[in-house]
*Asks:* 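For reference, the structure I am asking about is given below.
All residue numbers refer to positions in the sequence shown, counting from 1.
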Amino acid sequence: MRTYHLAWLPGDGIGPAVTAAALDVLHAVTEAAGVTLQVTEHPVGGAGLDAAGDPLPPATEAACLAADATFLGAVGGPAWTEAPPSRRPEQGLLRLRQALGAFANLRPVQVPAALVGASPLRAERVSGTDLLIVRELTGGLYFGASTYVAGQQASSTMAYTAAEIQRIGRVAFDQARARRGQVTSVDKANVLAVSRLWRSVITELHRREYPDLTLEHLYVDNAAMQLVQRPASFDVVVTANLFGDILSDLAATLPGSLGVLPSASFGGTGALFEPVHGSAPDLAGQDQANPMAALLSGALLLDHLGERALGQAVRTGVGTVLAAGHRTADLVQPPHEALGTHAFAKQVRGAALEALQAAATPS
């Protein structure tokens with residue numbers, strides 16, 4: 001029997017609800033396959049501040065470093081908006097990424113046929129979209145030196161070394177080699193010195209190690225426009241921390257809701273899996289949040305553990321439920337009624353188990 005240890009960090013807002021719903025599905029498919037998930041729960045973000053006075057309590061960090069993978073819900077909320085910068089919930093997430101050495105963030109963006117009608121874009125623009133945003137996660141503006149003089153002056157530094165750019169570039173090119181062979185590197189090289197280094201390093205890496213792949217460069221403002229105008233033409237997009245944060249949220253609207261898309265972060269001693277959406281405190285405790293992003297993040301987690309057949313069963317389950325017309329409130333369309341968080345996940349659980357059984361039955 002295969003056993004894996006997961007650190008579960010429900011976090012704040014809707015994080016506990018969507019990750020609990022997803023874990024129910026993960027437990028179901030793993031148990032059906034004779035695989036054991038040993039899950040321990042730990043506070044982070046605002047919950048960490050409330051429990052231990054720290055957005056990343058030492059015990060939480062230690063548990064994540066010891067686990068086979070970390071599954072996180074969301075951090076942040078109005079209860080902690082007045083906290084000093086070092087004690088804001090988001091600092092727990094930034095510190096966790098650093099502790100795990102998770103420098104590469106993968107955010108797959110797909111628009112299933114069942115959700116084409118939910119997109120804010122016309123069907124002919126968004127149909128067939130299947131792209132991957134590779135975001136550098138532990139450098140750049142979020143981790144550079146900063147100063148703040150209240151009410152007078154502030155500065156934040158965006159800094160990268162060639163080595164940092166090379167390692168995220170290799171992740172992007174390797175991902176593209178397993179997909180359609182196209183990489184779009186996004187920067188602001190017409191204005192920023194750090195982006196000129198970024199572009200030169202990515203260009204040389206492509207020339208030296210990946211000449212069989214296609215590379216294009218876009219300025220970040222143009223990239224945002226092109227993601228809306230021609231999303232289906234993109235394959236792999238690689239970019240810096242700040243730009244990736246913005247572009248991935250923009251791309252997350254393509255299937256019609258921020259609650260749809262998963263993410264995986266890796267590169268060092270541990271891997272972190274979390275929905276792209278935030279804590280959505282206005283939906284907390286109402287059983288209305290869309291668990292789809294958490295479910296698909298769980299599928300990526302299973303892939304990471306080497307249980308790809310189980311990850312695919314979860315993805316098949318989500319696709320089956322969407323094709324049947326089931327939706328949460330953020331995506332529901334007449335004549336269907338909205339399902340709650342746990343009711344949607346229950347539907348996925350049943351469909352995923354059916355997919356597993358079908359795969360195991362000889363044809």
Side-chain angles (χ1 to χ4, degrees), residues 5-27 37-102 105 137-138 142-143 245 249 258-259 261-265 269-298 300-301 328 340-342 345:
H5 301 270
L6 303 187
W8 175 33
L9 281 55
D12 309 319
I14 62 171
V18 295
T19 52
L23 280 174
D24 181 60
V25 176
L26 296 190
H27 279 300
L37 292 182
Q38 294 186 346
V39 180
T40 57
E41 181 179 348
H42 308 276
V44 73
L49 284 165
D50 291 347
D54 189 336
L56 182 64
T60 298
E61 180 178 337
C64 294
L65 290 171
D68 294 309
T70 297
F71 192 37
L72 183 144
V75 297
W80 307 282
T81 54
E82 300 303 320
S86 63
R87 290 172 51 81
R88 290 181 64 86
E90 295 77 11
Q91 284 300 315
L93 180 55
L94 296 179
R95 285 166 50 198
L96 177 60
R97 290 167 177 169
Q98 279 192 314
L100 295 174
N105 178 235
L137 204 58
T138 58
Y142 292 175
F143 292 93
D245 193 358
D249 275 13
L258 198 60
L261 300 182
S263 79
S265 304
T269 57
L272 172 67
F273 301 85
E274 58 180 312
V276 169
H277 61 68
S279 63
D282 56 317
L283 295 179
Q286 299 183 37
D287 193 42
Q288 293 183 12
N290 189 344
M292 188 171 157
L295 286 161
L296 294 176
S297 295
L300 291 175
L301 186 155
T328 46
T341 304
H342 292 279

*Asks:* Which heavy atom of Ala345 sits nearest a heavy atom of Val25, and at what distance?
*Replies:*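 Scanning both residues completely, I find the closest heavy atoms to be O-CG2, 3.5 Å.
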*Asks:* Nearest 0.5 Å, what's the CZ-CG distance between Phe71 and Leu23?
*Replies:*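 Answer for the CZ-CG pair, Phe71 versus Leu23, is 5.5 Å.
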*Asks:* Do the side chains of Leu6 and Thr70 get nearer than 4.5 Å, heavy atoms only?
*Replies:*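 No, every pair of side-chain atoms sits at 4.5 Å or beyond.
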*Asks:* Would you say Asp68's side chain and His5's backbone share a donor-acceptor pair under 3.5 angstrom?
*Replies:*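 Side chain of Asp68 to backbone of His5, a donor-acceptor pair under 3.5 Å: yes, one is there.
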*Asks:* Between CG of Asp249 and CG of Leu258, what distance do you get to the nearest 0.5 Å?
*Replies:*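 With rounding to 0.5 Å, CG (Asp249) is 5.0 Å from CG (Leu258).
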*Asks:* Please report the shortest heavy-atom distance between Thr269 and Ala99, naming the atom on each side.
*Replies:*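 Result for this residue pair: OG1-O, 3.8 Å.
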*Asks:* Quick test of your reading: applying side chain to side chain donor-acceptor pair (under 3.5 Å), list the pairs with at least one residue in residues 73-96, sequence neighbours left out, ordered by first then second residue.
*Replies:*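 Qualifying pairs, neighbours excluded: Asp50-Trp80, Asp54-Arg95.
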*Asks:* Thr60 side chain to Pro43 main-chain N or O, any donor-acceptor pair under 3.5 Å?
*Replies:*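 Judged by distance alone, yes, a pair lies under 3.5 Å.
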*Asks:* Can you run down the side chain to side chain donor-acceptor pair (under 3.5 Å) pairs that involve residues 284-298, sequence neighbours left out, and say none if there aren't any?
*Replies:*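 Qualifying pairs: Gln286-Gln288, Asn290-Thr328, Asn290-Asp330.
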*Asks:* Looking at Gly11 and Ala47, what are the two nearest heavy atoms and their distance?
*Replies:*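 Closest approach of Gly11 to Ala47, heavy atoms only: O-CB, 3.9 Å.
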*Asks:* Test your reading of the model: is there a side-chain donor-acceptor pair from Thr341 to the backbone of Ala289, 3.5 Å cut-off?
*Replies:*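 Pair found, side chain donor or acceptor close to backbone of Ala289.
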*Asks:* If I compare all heavy atoms of Ala67 with all of Ala7, which pair ends up nearest, and what's the gap?
*Replies:*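 What the structure gives for the nearest pair is CB-N, 3.7 Å.
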*Asks:* Any donor and acceptor pair, going by atom type alone, linking the side chain of Ser263 with main-chain N or O of Glu274 inside 3.5 Å?
*Replies:*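 Yes, because the side chain of Ser263 sits within donor-acceptor range (under 3.5 Å) of the backbone of Glu274.
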*Asks:* To the nearest 0.5 angstrom, please state how far the CG atom of Leu93 sits from the CG atom of Leu137.
*Replies:*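 Those atoms lie 7.5 Å apart.
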*Asks:* Could you tell me the separation between the CG atom of Leu272 and the CG atom of Leu301, rounded to the nearest 0.5 Å?
*Replies:*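 So the gap between those two atoms works out to 9.5 Å.
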*Asks:* Do you know the tightest heavy-atom contact between Pro275 and Gly73?
*Replies:*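 Result for this residue pair: CD-O, 3.5 Å.
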*Asks:* Evaluate the side-chain proximity of Val39 to His27: yes if any heavy-atom separation is below 4.5 Å, no if none is.
*Replies:*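 A side-chain contact exists here, since the closest heavy-atom pair is under 4.5 Å.
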*Asks:* How far apart are the closest heavy atoms of Ala63 and His42, and which atoms are they?
*Replies:*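 Scanning both residues, the minimum pair turns out to be CB-NE2, 3.3 Å.
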*Asks:* Give, for atom CD of Glu41 and atom CG of Leu9, the distance between the pair rounded to the nearest 0.5 Å.
*Replies:*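 Reported to 0.5 Å precision, the distance equals 9.0 Å.
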*Asks:* When rounded to the nearest 0.5 angstrom, what is the spacing between OG1 in Thr19 and CG in Asp24?
*Replies:*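 Answer for the OG1-CG pair, Thr19 versus Asp24, is 11.5 Å.
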*Asks:* Look at the side chain of Asp12 and the backbone N and O of Gly77, then say whether any donor-acceptor pair between them is shorter than 3.5 Å.
*Replies:*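 No: the side chain of Asp12 does not pair with the backbone of Gly77.
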*Asks:* With sequence neighbours left out, what residues match Phe273 under ring-ring contact (aromatic ring centres under 6.0 Å, His included)?
*Replies:*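 For Phe273, the residues satisfying ring-ring contact (aromatic ring centres under 6.0 Å, His included) (neighbours in sequence not counted) are His304.
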